[in-house]
Amino acid sequence: MDSKIRYEIEFPINSSPQLLYQYISTPSGLSEWFADDVNSRGEFFTFIWDDSEEKARLCSKKTGEKVKFKWVDSNDKDTELYFELQILVDEITKDVSLTVIDFADKDEVNEAKLLWENQISDLKHVIGSI
């Protein structure tokens, strides 16, 4: 786990912050672009891709601005790893962007960024931001 490094990427998104927030903070929104299916029980979210399942705890959120999910182990205990999605609005231009903060192995950061680019592309398609 020590080999994971934190990285950040920002994507411009043609959307209102309120609409975008629904797609990054709700199981139904996340299942449209982030994972094949997303279930939640309280603060715990289960992300399902093909035959793989990962569980995370929604550890913080600020309505219309950001969500942070901490990955949990099989006993629902927080790990050190998380991903965070932040909605940024330029004060002058009102342009909206989404910042992704995530972790990856040092030699897999480029692949992880490409995966996020593909997922954010799916998100833009879903919300009509192309």
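For the numbers below, each heavy atom of this structure counts, side chains included, while hydrogens, waters and symmetry mates do not.
Note on Phe103: it does not cluster hydrophobically with Val72, by side-chain heavy-atom contacts below 4.5 Å among ILVMFWY residues. Side-chain heavy atoms closer than 4.5 Å link hydrophobic residues (I, L, V, M, F, W, Y) into clusters, and following such links, even through other members, never connects Tyr7 to Leu88.
Around the NZ atom of Lys70, the shell of radius 6.0 Å holds more than 12 heavy atoms that belong to other residues, nucleotides or ligands.
For the pair Ser40 (side chain) and Pro27 (backbone), a donor-acceptor distance under 3.5 Å is absent. In this structure, Lys62 contributes its side chain and Gln86 its backbone to no donor-acceptor pair below 3.5 Å. Between the side chain of Asn75 and the backbone N or O of Lys77, no donor-acceptor pair lies under 3.5 Å.
Of all heavy-atom pairs spanning Glu10 and Ser97, the tightest one is OE2-OG, 3.0 Å. Counting all heavy atoms, side chain and backbone alike, Pro17 lies closest to Gly64 at CB-O, 4.0 Å. The two residues Ser16 and Leu19 make their nearest non-hydrogen contact at OG-N, 3.1 Å. In plain terms, the two heavy atoms of Asp90 and Thr93 that are nearest each other are OD1-N, 2.8 Å. The shortest heavy-atom contact between Thr26 and Gln22 is OG1-O, 2.7 Å.
Taken to the nearest 0.5 Å, the CD atom of Glu117 stands 5.5 Å off from the CZ atom of Phe11. Remark: Thr63 OG1 to Ile87 CD1 distance equals 10.0 Å, nearest 0.5 Å. Considering CG of Leu20 and CG of Leu85, their distance stands at 8.5 Å, rounded to 0.5 Å. Once rounded to the nearest 0.5 Å, the distance linking CG of Leu123 with OG of Ser129 reads 7.5 Å. For the atom pair OG of Ser121 and CH2 of Trp116, the computed distance is 13.5 Å after rounding to the nearest 0.5 Å. Between the CG atom of Asn110 and the CG atom of Leu115 there is a distance of 12.5 Å, given to the nearest 0.5 Å.
Contact of the Glu8 side chain with the Arg6 side chain is registered, since non-hydrogen atoms from C-beta on lie closer than 4.5 Å. A heavy-atom distance below 4.5 Å is found between the side chains of Gln119 and Trp33. In this structure, Ile9 and Ile120 have side chains that are not in contact, with every pair of non-hydrogen atoms separated by 4.5 Å or more.
Between Ser3 and Asp105, the side chains place a donor N or O and an acceptor N or O closer than 3.5 Å (distance only, hydrogens not considered).
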Determine, stepwise, if the pair Tyr23 / Leu98 fulfils side-chain contact (heavy atoms from CB on, under 4.5 Å).
CA-CA 11 Å; Tyr23 282 94; Leu98 184 66; over 6 Å; no
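Considering only residues two or more places apart in sequence or on other chains, Glu111 meets the side chain to side chain contact (heavy atoms under 4.5 Å, CB included) condition with Glu108. Judged as a salt bridge (charged side-chain N to carboxylate O under 4.0 Å, His left out), and not counting sequence neighbours, the contacts of Glu43 are Arg57.
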Under 3.5 Å donor-acceptor pairs involving side-chain atoms of residues 44-55, not counting sequence neighbours:
from	atom 1	to	atom 2	distance (Å)
Trp49	NE1	Phe34	O	2.9
Lys55	NZ	Asp76	OD1	3.0
Lys55	NZ	Asp76	OD2	3.2

